K.L.:
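Please see the structure below; I have some questions.
Just so it is clear: chains get the letters A, B, ... in the order the sequence lines come, proteins before strands, and each one is counted from 1. Bear in mind the structure is a predicted one, so any value in this text is a computation, not a measurement.
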Amino acid sequence: MSQVALTARRAGRRFLSSLPALLGVLVFTFLLMRVLPGDPAVFFASGPTAGKEEIETIRKQMGLDKPMPEQLGRYLVDVAQGNLGRSLTTGQPVSADLKERLPASLELTFAALFIALLSAVPLGIAAALRPGSVVDHGVRLLCALGVCVPTFVSGLLLIYVFYYLLGYAPDPTGRVDIFTSLPPRATGFLLIDFALAGDFEGWRAAASQLVLPAFTMALFVVAPLARITRAAMLSSLGSDFVRTARSIGLSRWRIIVVYALRNAILPVLTITGIVFSTMLGANVLVEKVFSWPGVASYALDALLASDYAPVQGFVLLMAFIFVLVNLVIDILYGIADPRISVE
Amino acid sequence: MSTATLRHAAFVLRGNPLTAIAAFATGLLVLVALFGPVLVPYDPIASDVAHALEAPSAAHWAGTDQLGRDVFSRLVVAARLDLAIAASAVVLSFALGAVIGSICGYAGGRLDRAVGRFVDVLMAFPLFVLAMAMVAALGNRVENIVIATAIINLPFYIRFARAEVNVRRSAGWVEAARACGDSHLSVVLRFLLPNILPAMAVQISLNLGWAILNAAGLSFIGLGVKPPTPEWGIMVAEGARFISTGKWWLVAFPGLALMLCVLCFNLLGDGLRDILDPRMRT
Amino acid sequence: QSRAETLRYVTGAVVNTLDPTMPGSTREAFAVSLSTYDRLVSFGRKQLNGKWVFDLDTVRGELAESYDVSPDGLKITFHLRKDAKFQDGTPVTAEDVKWSLDRAVTANSLAKAQLLTGSLTSPDQFKVIDPYTFEVTLPKPDKLALPNLATVYPVIFNSKVAKAHATADDPWAQNWLKENTAGSGAFVIETFKPAEQVILKRNDAWNRGPANSQAAFKRLIVQTVPEASTRANLVERGDADIVIDLQPTDAAALEAKGKLKVISTPQYNAISFISFNNKIPPFDNVNVRKAIAYALPYDDMFKAALFGRGFPLYGATWTDGKAPSGGFPIPQPVKLDLAKAKEYLAAAGMPDGFSTTFSFNVGQANVAEPMAALLKESLAKIGIKVEIQKLPDAQMSTLINEKKLPFFTENIVAWLPSMDYFYRNFYIGNIRWNYSSLDNPQITEIAQAARFEQDKAKYEAMGRELNTLNFEIMPQIPIWQASQDAVMAPSIEGYTYQFHRQVDYRDLSRK
Amino acid sequence: MTQSLLRIEDLAVTFSTRRGPVEAVKGIDLDLAPGQTLGIVGESGSGKSVTAFAVTRLLDAAGRITRGRVVFRGEDISRASHKTLQAIHGAAISMIFQNPRAALNPIRTVGLQLADALRAHRTLSDKEAREKALELLKTVLIREPEKRLDAYPHELSGGMCQRVMIAMAIACEPALLIADEPTTGLDVTTQKTVMDLIARITRERQMAVILITHDLGLAAQYCQDVVVMEQGRIVERAPPEMLFRAPQHAYTRRLVAASPTPTSRVEDLVADPEHHVPLPAEPVRVKPPAGTPPLLEVQDLVKRYDGGITAVGGVSFSLAAGESVGLVGESGSGKSTISRMICRLIDQTEGEIVFDGRSIGGIPAREFHRSEFRRQIQIVFQDPHDSLNPRFSAFDAIAHPLRRLDNMSGKALRDRVLDCAEKVGLPAHLLERFPHQLSGGQKARVGIARAISVRPRLLVLDEPTAALDVSVQAVTLQLLERLRREEQLAFLFVSHDLNVVRMMCARSIVLQNGRVVEQGESRRLFEAPESDYTRTLLAAVPHFAGAA
Ligand SMILES: Nc1ncnc2c1ncn2[C@@H]1O[C@H](COP(=O)(O)OP(=O)(O)OP(=O)(O)O)[C@@H](O)[C@H]1O
Ligand SMILES: Nc1ncnc2c1ncn2[C@@H]1O[C@H](COP(=O)(O)OP(=O)(O)OP(=O)(O)O)[C@@H](O)[C@H]1O
Ligand SMILES: [Mg+2]
Ligand SMILES: [Mg+2]
């Protein structure tokens, strides 16, 4: 179908047009990291007898002895070849680390987004159906409550209550109970891998491990999602075409779902994209609190250690995902809204 | 503000008790920020190790911290700094973002695309990590926390202002202003900017809360305001370390203050949206 | 294996390599290497105040069955155990020992600098006598030569396996060994996720435990849990078996609850300092340094920041102003005395005080931050205005290395905590660990001489002289030795405080 | 009328607003026989739509029927349950709305929406629904109906959208069709085809129709009976010939007089003898000495937008001082583009503009605000509301060009503003108000006052009355005419209403697709058009049959 071709072409064009932004991110991060006053070589040469020589060794290893423009040039060439450098914190190539850890972050983010959407959209709709009512105010208060606690506090509290006091939740130490044997890695997403392996015991272990951190993260994004859903629903419920739908005698549910909601989904989709990217980058604290072996906490440690390569790699990855998510949202938008593909 | 706007605001507030409460609480908060330091019972940074980690009592309403400092006094005194951080960060990003965004939205074309690219670069950054990196690079002084928070907010303001101006730029009154002899720049600054202000007020209000949380997050990983200055974020971050030992007051009270403050801003933002929503006006 | 046969250890730090000599390897990596590799010798242990600690003075065989030192102290001969096998089943021979020690002194690694302190510098010093006899030659008799071989670096590799993975660029197989082991240790790596977790299983063939036994646990989990309070929760709920890096407050609380076993050992090879850069005014003035030394609220700091968990190094009385002992460190005769502090300040020509910044790093914030707040408050009373600066760890170490921080707090650790070792490594030369940038010819001379002093009494006298001198110059203020709080399930036994301040998993067993 | 289809008895509707309850419809009675076509006319806000929505019970949540009954086929539906209403909607009563594009779901294909309408009341398989939908599209005379079935509303023109709307409305053969301003916003030519279609279909199916409009001509042409509403009340009901020949009620008289017809003159527009101030006589134009350049001369003006749209493709004309020239053409023909170029708000792509003998086409629009000609060419915009900065009071709006272009301030400024306000008939006490506190007519006056405050010589009027009610339009047109005669202004008058142009302009220019089709004396042009296009335009203008 030409619709598909059109969408593909638009997506391709958008992707190409975002490449300069990626390059910008790359260079900017590189420079930002060099501005950091910490010298990674000194930090990692922390052995009890570390001397000048050891520091120099590490510096040479990292290529820090070269002039800055040359370092940048080398870095760009390396990145173009898919080499993101080596992390001093883990001693592994950054790309390997990221590959290992990204599924963890993604799984968490998806789960959180899922929980958030599942609660935000119905809440938003409920509020929009009766604007100004008790329900509306209740939803508003509920959402505002969610965003007003820093994630690290809500995370620690949840752990305290559900793990320490009640013992309902498994120990908050990563993606799966340490005594559960891992499934063969197919996708890196434990829920999927366990399911593929047919290990439902394991699946449950992984899922229960996921609940608290995902919930902590979701709490924070329910508000913007619900807010947008409400606004979009209000505006589509008040629109002319909904009036038309009423005038031809469609049932109330059909009007709400097929006419109002389908149209209201569009702005929600846009926000979901933004929320997803910000969550992925901003769940540093949640990952820290829950010992989640994701990319954000990885970058945080590296940042505090002035370990350049992982931070640069992480930022590049995030930017790339950002572009990708935008692309996906764009395509979805194109599918959901036929008006887009013209213009 | 015209009287009609005030009247309209009063009307919305009456139908919207949450916003009214939030507005009242925000006012209270501002008062605390202004006069708190002269009202508190104790010196917020004077230690008293003999009375460290005492639970709330009549002498110390919110208990004492690790150094025996009065938590309540610290909370009250912190209000000023926290509000100042939030306000200045938001004002900074708003001022920059609104001007840049309006100009782009009005001018369109190449400039718009170029700035759009720049905004894309910023947006593509994992923002919290960017803030961390900036604070780490510039040093964790209050100014730098403000700057970092402002910069990570900037793209949203630019986009918002751009979109708002874009829908207005072909309005009759914009062309009329041109016909009356205004230059493009003056149209942007004197006509469009004031007109998008109300819409941006909502964004500002929501962002105020977010800025405070952001500062708290930075504190949590050790990049916050310098000790021993009282600041809610730091107090929560430090208190969080005591959750497991049952010293609940150390995290509960600052957390509550933070929560209340952010809650107020959020509810206020929601309310503002209603006040400013033209559809609510008849 | 059952849960009881598994040891789960949680830590805030990370393991980043399996080769402990890799530049940049973390402390947790050392701990893992203790279980995966054997060394020629290891330290014994002794009881101190009812707690097991390592004993620097007993060096016992590990892969070596025994060793002899020649009368002139220049030759050490090791007789290897004949029943020792690498994890691939091949026997451990003198060839392997030679290759491993050659690597230690040749390759660019952490081992090189460490072994230097024991006069071990060249492959020429290592000789294979026969497959089970190995000889080390020293240029001068050196007390630290043997202890150095018991540190974490001179691990014995399976040279055949390692060589098979060596390349022209990497003759010592450093890249391969980073992620793989070729040792003879008590445990075998099962999974290694850098910065996340390491799971090890018992090497049943290993017999270097007490009475030639195996390790007690069948399985060992070393897991990174960044949040300190979560670690406390884990061990309290019995999900983790042992943890050593809790916050002082959590350790105190858990001890008070009495459900768990808490073994607090002052880290007596480590010292926390309030340091000045003696080259940056006004700290180049000894009276300023002394003024500060008398203006610190030691007791409050010890109580509020450390919850009293450690060994204070202040508040002593030296009768005639001379150090009573030649050991290091010893409690200093300082205490909070603002009148005296003011006098010193006046003597320094700054009766009205001055302004300065005091730095500490983020990683130590939970102790350093309350300490800094108290310090600031107290110094303000004698007119010194302090601004507190909290630095990310990498920045702090860079600034210290560049000698740019005027006033800060830091810790040091000595693996081989003899008096001269401390003075030589922490008070001499333009090196990072010389926090005070001290350059005192007298201290330098005595410390260097003490290194090779074999006479115990003379050595003690030298120590006393150094300590006295050190107190007079006051280059920095030792404040305490913080405790290592090992919190463990009541069933865990055998915990020993080790020189590397990590848990030697081989020590532990379950009742 | 023995058996009435719909009977409205004493219907009243109240809205609750923040200023308290507002009674929008204040007790109306109406009767409609099956197959009858009834027009409802009246000015904006008179309650026409509210009546329609009340009948169909599609009112906003804020509105409530407070009184009266709506009897449909003998059953009172003013308090019927949700279920009953759902059964009636579409099947017995259906509606067509203004702005057809917004009234269709933008992300659902036309075919599906038609199917929705069909299946709301019968069970049909997908295939049957599609076939029925296709049939409906054929009924409403859409070209290539098979293709349109899968089209989205944005892929159709406004007229086509309205046809789809009609198809949806008749899908289930209702007995009553309510059309609320079905052609507002459509071109005159499209308006005619759509109205003809509605008329034909309803006649064929013997459906009763309520046609709501503010265009008296339209009502006259298509309805058997017309009711006039004013402020929520019905003031008169009569067949159109009667109504327009001999209006009974004063309001109706005013309305009829204010509606421009092919023969009306500006002088006669306002039928309110008390307030009628006679216009000054047309000033005698002294023939300028030979060689004097015209005030404005436009040569081969071309405007191409990015994307290759040629909005204006080579237009030339000239305009003398004090002259009024009309610019007509259907939507999109380039009228606004030309006026903007002449006002130097946008740059032309090619061509020359000469003002008073001096070229101004060369001054870029960006720089024109510094030019001495800025004050000489002013513009009045289409939508009076949209053309006022919501944050400026009326005073500021009028004073703005004076401050900017004449650097006036203080008392001089105040005097001049008051002077201008008086000229346009704006009471001084309104000057402190903000746009949203002014009525449409008042806003139009502010816009005009602003334009004339700097004493321009050329006033470009871009559809200055398109958004106004007829009676307000009449007053505004008179005002403009007076200003022109008194101040010796030249007008470039843009409009799509041929009757208005004919009345206001001595000469007219007809545009189609950015090109001049015909130009000349207005009277001649409209009486004996030379081009087919002008003829179609004229034929499409609705007219009162036999009106004087
Ligand atoms: N939702 C509402 N809330 C409050 N008042 C309303 C609402 N809808 C309509 N009204 C009021 O009811 C009156 C009648 O409005 P209505 O829409 O019926 O006018 P109309 O005759 O259709 O005018 P137009 O020609 O502009 O469509 C107006 O004064 C209007 O302000
Ligand atoms: N900014 C623009 N970019 C691209 N095309 C435009 C732009 N403005 C107008 N056009 C196109 O130029 C053509 C002429 O538009 P213009 O607004 O001059 O028409 P008009 O005669 O004033 O119509 P209307 O009666 O609807 O106001 C139209 O086809 C329109 O789509
Ligand atoms: Mg209407
Ligand atoms: Mg136009």
Side-chain angles (χ1 to χ4, degrees), chain A residues 1-4 6-7 127-136 230 232-270 330-343, chain D residues 49 52-53 56-62 82-110 112-122 150-155 161 164-165 167-172 174 177-178 180 307:
Chain A
M1 246 172 88
S2 74
Q3 188 68 28
V4 175
L6 251 171
T7 314
L129 287 180
R130 302 204 184 288
S133 68
V134 180
V135 179
D136 188 15
R230 174 179 180 269
M233 269 311 270
L234 270 181
S235 90
S236 66
L237 279 173
S239 67
D240 286 359
F241 59 83
V242 165
R243 190 184 55 193
T244 305
R246 286 203 284 156
S247 81
I248 57 173
L250 290 189
S251 72
R252 186 176 155 78
W253 271 112
R254 205 166 160 74
I255 292 174
I256 290 175
V257 176
V258 178
Y259 278 66
L261 187 58
R262 283 248 197 108
N263 284 276
I265 281 301
L266 295 173
V268 175
L269 203 60
T270 315
D330 234 45
I331 292 171
L332 287 181
Y333 213 106
I335 293 169
D337 187 350
R339 284 166 296 183
I340 296 296
S341 34
V342 286
E343 51 111 9
Chain D
S49 301
F53 289 133
T56 48
R57 298 280 307 279
L58 289 172
L59 282 171
D60 278 15
H82 228 76
K83 271 242 119 52
T84 326
L85 282 174
Q86 197 179 315
I88 291 176
H89 283 154
I93 308 179
S94 59
M95 277 190 88
I96 304 175
F97 305 95
Q98 188 180 348
N99 194 0
R101 191 159 278 152
L104 293 176
N105 189 343
I107 62 168
R108 214 165 156 74
T109 60
V110 166
L112 284 177
Q113 294 191 56
L114 281 170
D116 281 342
L118 287 162
R119 291 162 122 184
H121 299 288
R122 354 183 152 152
D150 294 316
Y152 290 96
H154 71 270
E155 295 166 330
C161 285
V164 173
M165 224 14 259
M168 280 172 76
I170 61 168
C172 296
L177 178 69
I178 302 178
D180 187 1

K.L.:
Chain A: which of D:Ala102, D:Ser94, D:Pro174, D:Ala169 shares the most heavy-atom pairs with it under 4.5 Å?
P.N.:
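Top count of heavy-atom pairs under 4.5 Å with chain A: D:Ala102.
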
K.L.:
Determine yes or no for a side-chain-to-main-chain donor-acceptor pair under 3.5 angstrom, with D:Glu155 supplying the side chain and D:Tyr152 the backbone.
P.N.:
yes

K.L.:
With a 4.5 angstrom heavy-atom cut-off, could you sort out which part of D:Leu104 is near chain A: side chain, backbone, both or neither?
P.N.:
backbone

K.L.:
Side chain, backbone, both or neither: which part of D:Ala117 has a non-hydrogen atom closer than 4.5 Å to chain A?
P.N.:
both

K.L.:
Identify the residues of residues 260-268 of chain A whose heavy atoms come closer than 4.5 Å to a heavy atom of chain D, ordered by number, or report 'none'.
P.N.:
A:Arg262, A:Asn263, A:Leu266

K.L.:
Determine the option with the most heavy-atom pairs under 4.5 angstrom with chain A, choosing from D:Arg108, D:Gln98, D:Met95.
P.N.:
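Top count of heavy-atom pairs under 4.5 Å with chain A: D:Arg108.
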
K.L.:
Answer with side chain, backbone, both or neither: which region of A:Ser247 has an atom nearer than 4.5 Å to a non-hydrogen atom of chain D?
P.N.:
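Both parts, backbone and side chain.
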
K.L.:
Any idea which heavy atoms bring A:Val242 and A:Leu237 closest together, and the distance?
P.N.:
CG1-O, 3.6 Å

K.L.:
Side chain from CB out, backbone as N, CA, C, O: work out which of these in D:Leu112 comes under 4.5 Å of a heavy atom of chain A, or both, or neither.
P.N.:
neither

K.L.:
Less than 4.5 Å apart, side chain to side chain, heavy atoms only: is that true for A:Ser251 and D:Gln86?
P.N.:
yes

K.L.:
Does any backbone or side-chain atom of A:Ala245 lie under 4.5 Å from a heavy atom of chain D? Answer side chain, backbone, both or neither.
P.N.:
neither

K.L.:
Which word best sums up how the rings of A:Phe241 and A:Tyr259 line up, parallel for under 30°, tilted for 30 to 60°, or perpendicular for over 60°?
P.N.:
tilted

K.L.:
Against chain D, label A:Val258 side chain, backbone, both or neither, depending on which of its atoms sit under 4.5 Å from a heavy atom there.
P.N.:
both

K.L.:
Identify which part of D:Ile93 has an atom lying under 4.5 Å from any heavy atom of chain A, answering side chain, backbone, both or neither.
P.N.:
backbone

K.L.:
Taking side chain as C-beta onward, heavy atoms only, is D:Thr56 less than 4.5 Å from A:Arg246?
P.N.:
no

K.L.:
Quick one: does A:Arg230's side chain get under 4.5 Å of A:Asp136's, heavy atoms only?
P.N.:
yes

K.L.:
Taking C-beta and beyond as the side chain, do A:Ile256 and A:Met233 meet within less than 4.5 Å on heavy atoms?
P.N.:
yes

